[in-house]
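Computed from a predicted model, the values in this text were never measured in an experiment.
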Amino acid sequence: MFVKWTQRIGSSERNLGEASVFSAAELTPGVAITDDREAVAVGRAHGLKVHGTIWLLHRACDQGKLNGVAAGNIVDSLVATGMRLPCSGSNFDSYIRRHLGSLS
């Protein structure tokens with residue numbers, strides 16, 4: 001499975017993490033989480049359920065595991081490490097409403 005996803009995504013060291021995640025998601029079956037846009041496109045093209053970090057935080061909010069403030073704090077912490085995300089912690093709620101639906 002790993003070899004198959006490595007061939008699909010690419011075999012550079014940078015892509016090995018996504019190949020591992022995609023392999024596990026296909027075997028379980030589960031949802032792969034990655035913020036690499038190219039990898040997301042490849043995964044979806046091959047029928048894999050793939051989402052990003054913001055989706056995962058939104059889902060945690062919908063399930064009552066986080067609130068918008070806590071999710072925003074996680075976003076800010078990730079951005080502080082150099083991660084590129086489509087919103088900041090302070091506009092997490094408004095981003096979610098615009099792109100994924102209302103927060104519960």
Side-chain angles (χ1 to χ4, degrees):
M1 188 74 58
F2 177 74
V3 170
K4 176 177 75 173
W5 280 108
T6 300
Q7 292 169 345
R8 288 176 175 172
I9 297 171
S11 59
S12 73
E13 186 174 320
R14 173 183 165 307
N15 296 324
L16 296 180
E18 278 82 10
S20 297
V21 169
F22 287 11
S23 297
E26 186 173 345
L27 287 169
T28 49
V31 176
I33 304 295
T34 183
D35 291 301
D36 182 311
R37 288 182 185 172
E38 291 175 18
V40 168
V42 171
R44 288 180 179 165
H46 288 90
L48 197 63
K49 291 180 186 177
V50 185
H51 294 285
T53 301
I54 298 299
W55 175 88
L56 181 65
L57 293 171
H58 173 248
R59 186 169 166 103
C61 290
D62 276 351
Q63 294 175 348
K65 296 176 182 175
L66 286 176
N67 62 35
V69 172
N73 289 338
I74 292 170
V75 168
D76 284 339
S77 295
L78 292 170
V79 169
T81 69
M83 186 173 189
R84 292 179 298 182
L85 293 171
C87 65
S88 67
S90 63
N91 69 8
F92 175 79
D93 286 349
S94 61
Y95 180 87
I96 291 301
R97 284 187 195 96
R98 267 192 325 274
H99 297 281
L100 300 174
S102 65
L103 289 172
S104 297

Verify same cluster id: [X], [Y] (apolar side-chain graph, 4.5 Å):
X     : Y     : result
Leu27 : Leu16 : no
Val50 : Ile33 : no
Val21 : Val3  : no
Tyr95 : Val69 : no
Leu66 : Met83 : yes

How far apart are the closest heavy atoms of [X] and [Y], and which atoms are they?
X     : Y     : answer
Ala71 : Leu57 : O-CD1, 4.0 Å
Cys61 : Gly68 : SG-N, 4.1 Å
Val40 : Phe22 : N-CZ, 4.4 Å
Leu48 : Ala32 : CD2-CB, 4.1 Å
Ala25 : Val31 : CB-C, 4.1 Å
Val79 : Cys87 : CG2-O, 4.4 Å

Among residues at least two apart in sequence or on other chains, which ones pass side chain to side chain contact (heavy atoms under 4.5 Å, CB included) with [X]?
X     : result
Ser23 : Met1, Phe2, Trp5
Ala24 : none
Ala41 : none

Listed once per pair and sorted, the side-chain hydrogen bond (donor to acceptor under 3.5 Å, both in side chains) pairs that draw on residues 75-88, sequence neighbours left out
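Listed once each, the pairs are Ser88-Ser90, Ser88-Asn91.
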
Quick one: which residue pairs count as a salt bridge (Lys or Arg N to Asp or Glu O under 4.0 Å) with a foot in residues 32-51, not counting sequence neighbours?
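Residue pairs passing salt bridge (Lys or Arg N to Asp or Glu O under 4.0 Å), neighbours aside: Arg14-Asp36.
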
Hey, could you give me each pair passing salt bridge (Lys or Arg N to Asp or Glu O under 4.0 Å) that has a residue in residues 15-32? Not counting sequence neighbours.
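For residues 15-32: Lys4-Glu26.
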
Once rounded to the nearest 0.5 Å, what's the spacing between atom CG of Asn15 and atom OG1 of Thr34?
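Rounded to the nearest 0.5 Å, the CG-OG1 separation comes out at 9.5 Å.
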
Does Leu78 form a side-chain contact (heavy atoms from CB on, under 4.5 Å) with Thr53? I'd like the steps, not just the answer.
CA-CA 10 Å; Leu78 292 170; Thr53 301; 3.8 Å; yes

